[in-house]
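Below you'll find the structure, written out as structure tokens, and then a few comments.
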Amino acid sequence: MDINTLMHRDRKEERTGFQEHAPYHPSYDLQADFVMAYGIDETMPERIKMWREKGYVVHLMTGVSWGLYRNYLDGKYDGRDHWDEAQKVRTGKIRLNSINVPYMVPSISYAGFLTERIKAAIDAGAEAIHLEEPEFWADSGYSEAFKREWEIYYKEPWIPPHESVDAQYMASKLKSYLFTRCLDRLCSSLKEYAKVNYGRLLRFYVPTHSLINYSQWRIVSPESRLLNIPTVDGYIAQIWTGTSRVPNVYEGIRKERTFDTAFLEYGIMQELVRGTDRRMWFLHDPIEDDINHTWQDYRENYFRTVVAALLHPGVSNFEVCPWPRRVFNDSYPKSNGKGKETIPPDYATILLTIMHTLADMKQDDVYWEGSSCTIGLLLADSCMFQRALPDSAVNGARGENIKNDEMIKNLQDWSAFFGLALPILKHGMPVRPVQLDNIRRFPGYLDAYKVLVLSYEFMKPEYPDIHNALAQWVRNGGVLVYAGDGTDPFHSVREWWNQGLKQYTHPAEHLFESLGIECTPERHIYNVGSGIFAFLPVHPADCANSSEKADQLRDIIKEAMERKGSPEIRWTPKNSFVMHRGPYTIAAVLDESVSDSPCILKGRFVRLFDANLPVVNEAVLVPGENALLYDLDKIPDNEDIRLIAAASRIEDFKVDDRGFSFIARGPEGVNAVARFYSKRKVSCVKGYIVGKEVRVGSICEDDSKTLLITYPNSADGIKIIVEF
């Protein structure tokens, strides 16, 4: 990146941002590009004003499925009580987000209420609106409002979702539709309001969990359906330690696999917008909603999510922190279990360094180290439609007698998905979830992939023409591996594959027909046109619970790739991922992999996960470790001065024959550090806050031609003067 761009970031590019409900305070002034003022209340206009006066582009974020909406619920908005619109489970219990804050059925009336409420944020000058977390719980669908919506949508009497797989599937499809309708009405109405009243084009974004997490947590959300709404401008991928540490099963072992899960989550969110003009910000959280972890736990898992995100270079915008006040001001358990403590100073410095480094991730020179063929794992929105088992399936799913608690645990494991993903990922093959629904939306969507893996044992194709595109992709040279044994009870739902003149037992039969294959019950690999189709008659969940089945999956993928005979389609197992994004090297070493050997990176690197930004000639990573490094050898020979990293926003950079100077801004009370590359030796470094000299530290390292400066952060800015 050009040094002027690095030193003089334009906030209007909105590369980095954060959300905060509290009013501005210098102790959590992260100096990102934009801030999302959270919540609409009487303090909202003043909060927006305060952040804007500090130089931020100001957005507004509010919940779309829940919030402090008592005026609406209690009838003060329109004179009618709306508690019948709260989401309810089978027992009649209301699904609550917090005390007296229910998850809502997004009725037409509710959409109208939110529209009127959000107008206040537009009046206050918000430049964009984030409608957070459109969530409908899979086990809900029993409120009077939902029953009304069912009868309007399906033109038949409501059926309790627990009565059949068909009723459950229909309920979930309706839930996805209702939030799609709600967001369409909100965004369209409010964009018109902003244009008519203020002559400005308002932007709308949807912060949402990944399709993977919502499926694991058993929540229905619109996800890719929002691409069909022209007034939605993009997403925030709400992925963090709290979503990625949810346990899953690999080779029979259930445990947290934060890096692996985060890698898959960020992957599907990148795919959600690939090839579109929609914007995506990847979120990281230095802590999480669970306040019972130690700072060391938060730190280790935060690093894992950052590295997992950076291994998906199609996204270079980031929400660097939700709720910075709770990160920099609140206390969490000490590692010895005795009392609580605020954020360790070195972790605070590291966080700021990473947050500003993330603004530099839009790089043109991106490549994997070593030969790696990315394998696509197809996922559809319909994953979310199968996340609650009706009574008929609880004791009949695949012949198992399942108790309720065990059923819930098995559903949350979501082994049918992870049984396909983890055996590939754990052997060092980049596997990326691919949005099946986008095949219909974008011509050539699959062209970026040479190998795809598919199963309909945990999701369904919503339209038959998806198979026409898949079959043509195979005939043109693609390698498609299908795994499934046809035992999923949801194969019997009333859908296109069993309702037409020609009926199929399950949708895979239509896929086989589209490929021109009469599939037998045995494992087989077929030549189809210029491509390869492989069939493994194994339920994907078995590949999670059994190392033998995991090997069978890997073996058939490897064999299919070898059958293709293309040098770019090879199975190359390893225990690490290493990617280069411009001058940055991102590395992760896998546990439970093909070996326990360390990954050794040689060169001249600056360690960005270290508060002191040390320069090293070698980075050694063992299984479970990861790294973000700056490669000094990537600095162009014709460049005299370059900022490598800083725990502050660097502005007003000036250089002449005598030296250089800049203004550093960051949250007060946090120690800052900056490392520069400089061909010329430095004789003196001074710092000033409001014209008064303050103590700064500096170390010149001749071997690396770098200068390390340490100083106290200041939200108002500290001026640093460097003399040659």
Side-chain angles (χ1 to χ4, degrees), residues 1-9 26 29-32 328 344-360 583-584 604-616 628-632 634-635 639-724:
M1 177 178 291
D2 182 86
I3 190 169
N4 291 327
T5 303
L6 182 63
M7 295 293 191
H8 304 287
R9 284 161 38 202
D29 183 355
L30 302 185
Q31 289 293 317
F328 290 91
D346 68 322
Y347 186 40
T349 302
I350 293 169
L351 287 179
L352 293 175
T353 300
I354 295 171
M355 291 171 184
H356 290 290
T357 298
L358 291 173
D360 194 30
Y584 301 100
R604 295 190 306 145
F605 302 111
V606 177
R607 286 186 175 271
L608 301 181
F609 285 167
D610 190 310
N612 297 314
L613 298 177
V615 178
V616 298
L628 174 59
L629 309 169
Y630 191 101
D631 189 345
L632 293 175
K634 294 290 183 70
I635 298 175
E639 200 160 316
D640 293 332
I641 301 173
R642 172 178 281 231
L643 172 63
I644 296 165
S648 311
R649 189 182 189 99
I650 305 299
E651 298 179 325
D652 198 24
F653 180 84
K654 297 176 181 178
V655 61
D656 57 31
D657 291 340
R658 295 171 296 176
F660 61 90
S661 65
F662 58 89
I663 304 294
R665 302 183 193 277
E668 67 178 27
V670 180
N671 299 325
V673 61
R675 187 175 287 276
F676 286 83
Y677 167 80
S678 175
K679 284 185 177 179
R680 297 185 61 178
K681 290 187 177 181
V682 171
S683 63
C684 180
V685 179
K686 296 180 180 180
Y688 300 88
I689 296 179
V690 196
K692 182 179 179 181
E693 186 169 356
V694 295
R695 185 176 181 180
V696 299
S698 63
I699 301 174
C700 294
E701 300 182 8
D702 293 338
D703 290 345
S704 61
K705 295 183 180 178
T706 64
L707 167 69
L708 183 71
I709 306 173
T710 57
Y711 53 93
N713 251 323
S714 169
D716 292 328
I718 175 172
K719 183 169 185 177
I720 304 291
I721 298 175
V722 179
E723 297 177 2
F724 295 140

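This structure is a prediction, so every number in the text was calculated from the model and none was measured. What's counted below: heavy atoms across the whole structure, side chains too, no hydrogens, waters or symmetry copies.
- Taking every heavy atom of both residues into account, Val685 and Val696 meet most closely at O-CG2, 3.6 Å.
- Annotation: the span from Leu351 atom CG to Leu30 atom CG amounts to 9.0 Å, rounded to 0.5 Å.
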Quiz item: Between Phe609 and Ile354, is a side-chain contact (heavy atoms from CB on, under 4.5 Å) present by the stated rule, with each step listed?
Solution: CA-CA 8 Å; Phe609 285 167; Ile354 295 171; 3.4 Å; yes
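- Taking OG from Ser704 and CZ from Arg604, the interatomic distance works out to 7.0 Å, rounded to the nearest 0.5 Å.
- Aromatic rings of Tyr584 and Tyr630 (six-membered ring for Trp) have centroids within the 6.0 Å cut-off, being under it.
- Remark: Asn671 engages Pro345, Thr349 in a side chain to side chain contact (heavy atoms under 4.5 Å, CB included) (not counting sequence neighbours).
- With sequence neighbours excluded, the residues forming a side chain to side chain donor-acceptor pair (under 3.5 Å) with Arg665 are Glu651, listed by chain and number.
- Surrounding CG of Asp656 are more than 12 heavy atoms belonging to other residues, nucleotides or ligands, all under 6.0 Å away.
- Among residues two or more places apart in sequence or in another chain, the ring-ring contact (aromatic ring centres under 6.0 Å, His included) test is passed with Tyr677 by none.
- To the nearest 0.5 angstrom, Thr357 atom OG1 is 11.5 Å from Ile350 atom CD1.
- Nearest heavy atoms, Asp657 versus Arg680: O-NH1, 3.0 Å.
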Taking only distance into account, with no hydrogens and no angle test, what donor-acceptor pairs under 3.5 Å do side-chain atoms of residues 707-719 form with protein atoms, sequence neighbours excluded?
residue : atom : partner : partner atom : Å
Thr710  : OG1  : Gly697  : N            : 3.4
Tyr711  : OH   : Ser648  : OG           : 2.8
Asn713  : OD1  : Ser648  : OG           : 2.8
Asn713  : OD1  : Gly666  : N            : 3.4
Asn713  : ND2  : Ala647  : O            : 3.0
Ser714  : OG   : Asp716  : N            : 3.3
Ser714  : OG   : Gly717  : N            : 3.2

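- Shown here are the side chain to side chain contact (heavy atoms under 4.5 Å, CB included) partners of Glu693, two or more places apart in sequence or in another chain: Lys686, Tyr688.
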Quiz item: Run the side-chain contact (heavy atoms from CB on, under 4.5 Å) check on Leu629 and Arg607 step by step: do they pass?
Solution: CA-CA 5 Å; Leu629 309 169; Arg607 286 186 175 271; 3.9 Å; yes
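- In this structure, the side chain of Arg649 engages the main chain of Arg9 through a donor-acceptor pair within 3.5 Å.
- Taking CD of Glu701 as the start and OG of Ser678 as the end, the distance is 13.0 Å to the nearest 0.5 Å.
- Side chains of Val673 and Asn612 form no contact here, defined as non-hydrogen atoms less than 4.5 Å apart.
- Considering every non-hydrogen atom in both Leu608 and Thr353, the closest pair reads O-CG2, 4.3 Å.
- Partners of Lys679 by salt bridge (Lys or Arg N to Asp or Glu O under 4.0 Å), not counting sequence neighbours, listed by chain and number: Asp640.
- Taken to the nearest 0.5 Å, the NZ atom of Lys705 stands 13.0 Å off from the CD1 atom of Ile641.
- From Phe605, atom CZ reaches atom CG of Leu613 across 15.5 Å, with rounding to the nearest 0.5 Å.
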Practice problem: Check step by step if side-chain contact (heavy atoms from CB on, under 4.5 Å) holds for Ile650 and Ile720. | Solution: CA-CA 10 Å; Ile650 305 299; Ile720 304 291; over 6 Å; no
